[in-house]
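All remarks here apply to the structure that follows.
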Number of protein chains: 2
Amino acid sequence: MEEHSNSSNAKERAQSNSSAEPRTEEAKAHHYDASKYQRPSVTVDVVIMSLRQKDLQVLLIKRRSWPFEGMWAIPGGFVNFDESLEDAAKRELQEETGVQDVYLEQLYTFGDPGRDPRTRVITVVYFVLLDSERLQVRAASDAADVSWFSVYDLPPLAFDHEKVLNYTLNRLRGKLDYTTIAFNLLPEQFTLRELQRVYEMILHKKLDKRNFRKKILATGILEDTGAKKMEGTHRPARLYRFNPAAEHKL
Amino acid sequence: MEEHSNSSNAKERAQSNSSAEPRTEEAKAHHYDASKYQRPSVTVDVVIMSLRQKDLQVLLIKRRSWPFEGMWAIPGGFVNFDESLEDAAKRELQEETGVQDVYLEQLYTFGDPGRDPRTRVITVVYFVLLDSERLQVRAASDAADVSWFSVYDLPPLAFDHEKVLNYTLNRLRGKLDYTTIAFNLLPEQFTLRELQRVYEMILHKKLDKRNFRKKILATGILEDTGAKKMEGTHRPARLYRFNPAAEHKL
DNA sequence: TAAATAGTGTCTATTAGACATTATCTA
DNA sequence: TAGATAATGTCTAATAGACACTATTTA
């Protein structure tokens with residue numbers, strides 16, 4: 001389980017921050033010599049997940065330089081000296097997507113020496129769940145080297161970001177039935193079918209419609225908005241809203 | 001949620017490692033001025049828990065200097081430049097207790113600026129579960145400023161180590177019924193009553209004897225050693241052993 | 001034989017899962 | 001009225017929890 005700084009922003013700073021790391025294997029020897037005088041760098045990576053095209057997707061960045069040049073990576077960057085870890089994660093998120101006020105959770109800290117060939121890096125990984133509506137607003141800003149991928153159909157990833165994504169998925173799955181974490185992937189109002197799709201995408205398996213609705217409605221965490229969602233040539237679906245007052249019931 | 005380095009070992013290095021932090025509030029101003037040239041310190045703290053005197057206890061260290069002088073704290077220290085986080089945690093454990101090969105799990109990383117008045121510190125917290133037998137071996141080595149406390153009867157703690165301990169307890173509770181984490185607090189062979197006590201201490205409530213035994217035995221994770229534990233003037237109890245092959249059944 | 005803890009079973013309520021039909025809307 | 005998705009209930013199996021007595025050992 002490894003990874004490291006990789007947004008364009010982070011890469012720039014990697015150059016200036018550590019007295020210019022040479023991009024050769026000699027870098028390693030250099031650092032070992034100086035190890036007693038050096039401190040590890042601390043970075044924050046942010047796994048940004050959302051629902052796009054009825055798919056659970058993650059935002060990745062294409063690396064433009066060594067190491068892992070040309071491969072896709074989880075966005076991240078250095079933590080400023082006087083900035084909290086969570087603030088650093090929010091800053092990354094803002095830089096990559098422009099959104100704020102989202103669900104943000106610390107996932108795990110990866111710190112094995114040697115996982116980044118440039119220097120010793122300790123990375124605190126956070127993950128973010130974005131609802132699909134906010135995302136549409138920013139869809140246009142996607143650059144060529146930033147792209148969304150289905151979590152179930154990933155390109156080759158830099159560092160061991162594949163493990164980080166698996167770890168994220170497992171965390172999500174584990175929390176699915178005793179928290180309201182899934183609601184963070186939906187806009188304020190949603191249909192039961194949409195909620196079911198979120199569960200199905202995270203668990204990566206089909207759920208029984210009747211049992212799902214029965215169980216969710218029994219908890220009382222949803223309240224009927226009275227509104228209906230009409231789309232296509234069929235019966236419209238009720239729109240529900242999450243009722244935070246009943247969060248404890250899940 | 002905060003904390004920081006506090007073993008005697010860590011404290012010594014705190015002096016030499018950060019160009020001698022003055023023990024006054026001026027320290028803060030100094031660091032802010034220099035913030036763009038500085039990196040956070042990275043420390044590892046280790047919550048060491050064990051069963052002692054039929055109680056769930058945690059190992060704490062009395063601080064000998066500012067900040068929080070005289071208060072009790074979770075042991076910890078700096079991460080060496082070429083040492084993994086887990087190795088740093090194991091080293092701390094070894095220094096404090098002399099034991100090795102124990103259950104070790106990363107808990108959470110605390111990194112808010114200002115939680116340590118000396119400098120910016122990012123602390124990765126691990127927790128360790130020790131079985132009671134190993135502990136007895138080392139009981140004699142306890143120094144005056146190292147002591148065990150019941151997790152349900154703690155002294156005033158330095159930093160916000162109280163929150164860290166609560167966090168640890170919650171993690172333990174959460175994992176209790178879908179992992180075999182509790183077994184790490186017991187020696188290789190144990191009676192069902194002893195196992196029940198572990199669950200009761202972690203959950204901090206009484207469990208029904210029949211239901212508990214029924215449930216545990218139904219999983220098949222225990223195997224009867226054939227041996228019995230006789231103590232006191234009453235019927236001896238069967239000794240069981242954890243069967244790792246059946247771990248998935250829990 | 002008294003004291004102390006080990007060891008055991010039943011009944012009930014709740015929950016999880018399998019499963020198929022009717023309702024309502026638009027084109 | 002055809003096509004499409006929404007909405008709904010029953011039965012069964014498994015699980016969780018309440019609850020009290022007998023078994024075995026030593027002093």
Side-chain angles (χ1 to χ4, degrees), chain A residues 51 53-54 173-179 182 186-187 189-241 246 248-250, chain B residues 51 53-54 173-179 182 186-187 189-241 246 248-250:
Chain A
L51 258 53
Q53 300 135 331
K54 309 206 166 178
R173 283 173 188 152
K175 288 192 138 187
L176 209 51
D177 52 339
Y178 71 96
T179 70
L186 289 171
Q189 297 193 11
F190 50 86
T191 68
L192 269 172
R193 190 67 187 80
E194 289 167 340
L195 182 61
Q196 186 179 338
R197 276 209 198 88
V198 174
Y199 275 74
E200 288 178 338
M201 282 185 292
I202 293 173
L203 296 172
H204 208 214
K205 68 174 182 188
K206 288 246 172 285
L207 298 175
D208 180 87
K209 190 181 185 178
R210 280 167 295 184
N211 292 339
F212 179 79
R213 299 164 82 93
K214 209 190 329 170
K215 193 165 142 184
I216 296 289
L217 291 175
T219 63
I221 49 170
L222 294 190
E223 71 185 22
D224 193 335
T225 63
K228 298 200 172 183
K229 177 165 193 167
M230 333 222 176
E231 58 174 0
T233 162
H234 56 79
R235 178 172 178 177
R238 281 179 144 87
L239 280 165
Y240 292 88
R241 166 194 305 129
H248 62 280
K249 293 184 188 169
L250 240 192
Chain B
L51 257 55
Q53 301 135 336
K54 308 206 169 180
R173 284 172 187 153
K175 288 193 138 187
L176 208 50
D177 53 338
Y178 71 97
T179 70
L186 290 171
Q189 298 192 10
F190 49 87
T191 69
L192 269 172
R193 190 67 187 80
E194 288 167 340
L195 183 62
Q196 185 180 339
R197 275 207 199 88
V198 174
Y199 275 73
E200 288 178 338
M201 283 186 290
I202 294 173
L203 297 173
H204 208 214
K205 68 174 184 189
K206 287 247 173 284
L207 298 176
D208 180 87
K209 190 182 185 180
R210 280 166 296 185
N211 291 338
F212 179 79
R213 299 164 82 93
K214 210 191 329 170
K215 192 164 142 183
I216 295 288
L217 291 174
T219 63
I221 49 171
L222 294 190
E223 72 186 22
D224 194 335
T225 63
K228 299 201 170 182
K229 177 166 192 168
M230 332 221 177
E231 58 174 3
T233 164
H234 56 80
R235 180 172 176 178
R238 282 179 144 86
L239 280 165
Y240 291 88
R241 165 194 304 130
H248 63 281
K249 292 183 188 169
L250 241 192

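The structure presented is a predicted model; accordingly, all values stated were derived computationally and were not measured. Proteins get letters first, then strands, A, B, ... in listed order; numbering begins at 1 in each.
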B:Lys214: partners by side-chain contact (heavy atoms from CB on, under 4.5 Å), with sequence neighbours left out =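 For B:Lys214, the residues satisfying side-chain contact (heavy atoms from CB on, under 4.5 Å) (neighbours in sequence not counted) are B:Asn211.
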
For B:Arg173, enumerate each residue passing the side-chain contact (heavy atoms from CB on, under 4.5 Å) test, keeping only those at least two apart in sequence or located in another chain.
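B:Arg173 satisfies side-chain contact (heavy atoms from CB on, under 4.5 Å) with B:Tyr152, B:Leu169, B:Asn170, B:Ile202, B:Leu203, B:His204 only.
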
For the pair [X] (side chain) and [Y] (backbone), establish whether a donor and an acceptor sit closer than 3.5 Å, ignoring hydrogens and angles.
{"X": "B:Glu194", "Y": "B:Leu186", "answer": "no"}
{"X": "A:Gln189", "Y": "A:Thr225", "answer": "no"}
{"X": "A:Glu200", "Y": "A:Lys206", "answer": "no"}
{"X": "A:Thr219", "Y": "A:Ile216", "answer": "yes"}

* Asked: What do you reckon, are the aromatic ring centroids of A:Tyr240 and A:Phe190 less than 6.0 Å apart?
  ->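 No, they do not, as the ring centres are separated by 6.0 Å or more.
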
### Query
What are the bounds, 5' to 3', of the part of DNA chain C that sits under 4.0 Å from heavy atoms of chain B?
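Listing 5' to 3', DNA chain C meets chain B from C:dA3 to C:dT10.
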
Practice prompt. Enter the distance from B:Arg193:CZ to B:Lys209:NZ here, rounded to the nearest 0.5 Å.
Written response: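 Here the interatomic distance stands at 7.0 Å.
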
First locate atom CZ of A:Arg213, then atom CG of A:Leu192, and finally report the distance between them rounded to the nearest 0.5 Å.
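Reported value, rounded in 0.5 Å steps: 4.5 Å.
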
Using a heavy-atom distance cut-off of less than 4.0 Å, which residues of residues 232-241 of chain A contact DNA chain D?
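Under 4.0 Å from DNA chain D: A:Thr233, A:His234, A:Arg235, A:Pro236, A:Ala237, A:Arg238.
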
Item to complete: Enumerate the residues from residues 197-216 of chain A whose closest heavy atom to DNA chain D is under 4.0 Å, giving them by residue number; use none for an empty result.
Response: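 Those residues are A:Lys209, A:Arg210, A:Asn211, A:Arg213, A:Lys214.
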
Worksheet item: Which pairs, with at least one residue in residues 219-238 of chain A and sequence neighbours excluded, count as a ring-ring contact (aromatic ring centres under 6.0 Å, His included)?
Response: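 Those involving residues 219-238 of chain A do not exist here.
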
Can you name the side chain to side chain donor-acceptor pair (under 3.5 Å) partners of A:Arg241, sequence neighbours left out?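 Result, side chain to side chain donor-acceptor pair (under 3.5 Å) vs A:Arg241: A:Glu188, A:Glu223.
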
- Task: Tell me, please, which residues at least two apart from B:Lys228 pass side chain to side chain donor-acceptor pair (under 3.5 Å).
- Result: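 Listed in chain order: nothing, the list is empty.
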
**Item:** Neighbours of DNA chain C within residues 189-196 of chain B, by heavy-atom distance under 4.0 Å
**Value:**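 Nucleic-acid contacts, sorted: B:Arg193.
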
* On DNA chain D, reading 5' to 3', which nucleotide is the first and which the last to sit with an atom under 4.0 Å from a heavy atom of chain B, could you check? =>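 So the contact region on DNA chain D extends D:dG17 to D:dT26.
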
Minimum heavy-atom distance B:Ile221-B:Ala246, with the two atoms named =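 Looking at all heavy atoms of both residues, the shortest contact is CG2-O, 3.1 Å.
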
- Task: With sequence neighbours left out, write down each residue that passes salt bridge (charged side-chain N to carboxylate O under 4.0 Å, His left out) with B:Asp224, or none if nothing qualifies.
- Result: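 Applying salt bridge (charged side-chain N to carboxylate O under 4.0 Å, His left out) to B:Asp224 gives B:Arg238.
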
Residue list, salt bridge (charged side-chain N to carboxylate O under 4.0 Å, His left out) with A:Lys215, at least two apart or on another chain
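Checked A:Lys215 against salt bridge (charged side-chain N to carboxylate O under 4.0 Å, His left out); zero matches.
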
